[in-house]
Amino acid sequence: MVRFLILLLLLGSVQAQTLYCGQDTNLSDKVTLSNLALRSEEFDNAAWANSTSTDVANSIIAPDGTLTADTIVALAQYSPNARGIYNNAAITVVAGTQYRWSVYLKKGTMRYGSFGPEESPSTANKYTVIDLDTCQPTFYKNTGYTTTGRSIGNGWCYVSVTTSVSITTGYFDIIMAPTATWNSTSYTSTTADNIYVWGASVQLASSPPDYIATAGSA
């Protein structure tokens with residue numbers, strides 16, 4: 001009986017150690033991930049700037065079920081600028097290294113959204129127009145990158161651009177598009193024009209596409 005009890009204790013100890021190692025391995029996988037886009041759910045924050053648009057914070061349920069997604073609303077004016085948002089401070093990246101620029105978009109009154117990294121020269125701009133009904137790309141600005149999109153339910157699309165542009169800083173543009181093949185920076189808008197946005201991310205393309213919320217630092 002004593003030997004049997006000792007055996008059970010030993011087996012229990014081994015099992016506990018095995019479970020702990022499994023959990024530790026998962027955690028070590030996660031800590032290698034990073035998101036270079038600051039204030040990833042706070043598009044009304046000073047980290048983001050509006051381009052002939054306004055931001056209505058926490059106005060719709062986000063993909064994670066919280067009331068943290070924003071509405072981007074166009075201003076009723078004609079301007080050479082696009083309608084949307086971009087990060088105020090350039091994101092520093094390693095030239096020639098592949099990064100994944102991703103965001104969650106949902107159709108408002110505008111069926112199409114456009115997003116991607118921007119930098120001079122203009123050939124470094126990697127805009128993609130997305131059909132927010134199908135979550136699929138409909139137009140590409142320039143070449144040298146790959147765009148994917150998929151529906152994640154409740155009208156939300158997860159879209160990402162993977163690119164290795166030869167720049168060291170970049171701006172993350174998230175804008176609304178009037179047509180499926182929009183290739184311009186201006187159009188006539190009204191205050192009824194809007195799309196929904198949540199969860200901007202810039203991470204190494206070699207990392208798993210796991211969204212990580214950020215505040216004031218990566």
- Contact summary for S201 and Y211, nearest pair of heavy atoms: CB-CD1, 4.3 Å

- Task: Go through D193 and M110 one step at a time and tell me if the side-chain contact (heavy atoms from CB on, under 4.5 Å) criterion holds.
- Result: CA-CA 6 Å; D193 295 347; M110 300 289 281; 3.7 Å; yes

- Message: Under a 3.5 Å distance rule, please check whether D173 uses its side chain to pair with a backbone N or O of Y86 as donor and acceptor.
- Response: no

- Query: Rounded to the nearest 0.5 Å, what separation is found between the OG atom of S51 and the CD1 atom of I85?
  - Reply: 10.5 Å

- Message: If you define the side chain from C-beta out and look only at heavy atoms, does anything of L75 sit under 4.5 Å from T54?
- Response: yes

- With a 6.0 Å cut-off on ring centres, are Y140 and Y145 close enough? yes

- Note on the structure: Heavy-atom closest pair (V202 atom, N35 atom, distance to 0.1 Å) is N-OD1, 3.0 Å

- Message: Is the shortest side-chain heavy-atom distance between L132 and I195 below 4.5 Å?
- Response: yes

- Item | Ring-ring centroid check W156 Y104, cutoff 6.0 Å | no

- N45 side-chain N/O to E42 backbone N/O, donor-acceptor pair under 3.5 Å: no

- Query: Heavy-atom distance under 4.5 Å between the side chains of D133 and K107, does that happen here?
  - Reply: yes

- Query: Does a donor on one side chain sit under 3.5 Å from an acceptor on the other, for S160 and S102?
  - Reply: no

- Query: How about N87 and L38: do any of their side-chain heavy atoms sit closer than 4.5 Å?
  - Reply: no

- Item | Y158 ring center within less than 6.0 Å of W198 ring center | no

- Message: If I take atom CZ from residue R39 and atom CG from residue N88, how far apart are they, to the nearest 0.5 angstrom?
- Response: 12.5 Å

- Message: Are K126 and N142 packed together at the side-chain level, in the sense that at least one heavy-atom pair is separated by less than 4.5 angstrom?
- Response: yes

- Should P209 and R100 count as side-chain neighbours, where that means a heavy-atom distance under 4.5 Å? yes

- Message: Can you confirm whether V161 sits close enough to P117 that some side-chain heavy atom of one is under 4.5 Å from a side-chain heavy atom of the other?
- Response: yes

- Search all heavy atoms of I174 against all heavy atoms of A200 and return the closest pair with its distance. CD1-CB, 4.3 Å

- Query: If you look at every heavy atom in I175 and G84, which pair is closest and at what distance?
  - Reply: CG2-CA, 3.6 Å

- Measure the spacing between SG of C135 and CG of L105 and express it to the nearest 0.5 Å. 9.0 Å

- Rounded to the nearest 0.5 Å, how far apart are SG of C157 and CD of Q136? 8.5 Å

- Note on the structure: In short, T191 meets V73 closest at the heavy-atom pair O-CG1, 3.3 Å

- Task: Specify the closest pair of heavy atoms between M176 and W182, including all atoms of both residues, with the distance to one decimal.
- Result: O-CZ3, 3.8 Å

- Within the distance-only criterion (no hydrogens, no angle test), does the side chain of R83 pair as donor or acceptor with the backbone N or O of A177 below 3.5 angstrom? no

- Message: Between T138 (side chain only) and A180 (backbone N and O only), is there a donor and an acceptor less than 3.5 Å apart?
- Response: yes

- Is the backbone N or O of T179 less than 3.5 Å from a side-chain atom of R111, with the two atoms forming a donor-acceptor pair by type? no

- Item | Main-chain N/O of A192 paired to N194 side chain as donor or acceptor, under 3.5 Å | yes

- V94-L36 co-clustered via ILVMFWY side chain contacts under 4.5 Å: yes

- Query: Using 30° and 60° as the class limits, which term best fits the ring planes of W48 and F172: parallel, tilted or perpendicular?
  - Reply: tilted

- Message: Would a single hydrophobic cluster contain both V129 and Y196, if residues Ile, Leu, Val, Met, Phe, Trp and Tyr are joined by side-chain heavy-atom contacts under 4.5 Å?
- Response: no

- Check: D70 main-chain N/O paired with S59 side-chain donor or acceptor under 3.5 Å: no

- Task: Kindly say whether T52 contributes a backbone atom to a donor-acceptor pair with the side chain of N50 at under 3.5 angstrom?
- Result: no

- Is the shortest heavy-atom distance from the side chain of Y112 to the side chain of I130 under 4.5 Å? no

- Spell out, as yes or no, whether a donor-acceptor pair under 3.5 Å connects the side chain of S53 to the backbone of A74. no

- Query: Backbone N or O of T214 within a donor-acceptor pair of the S40 side chain at under 3.5 Å?
  - Reply: yes

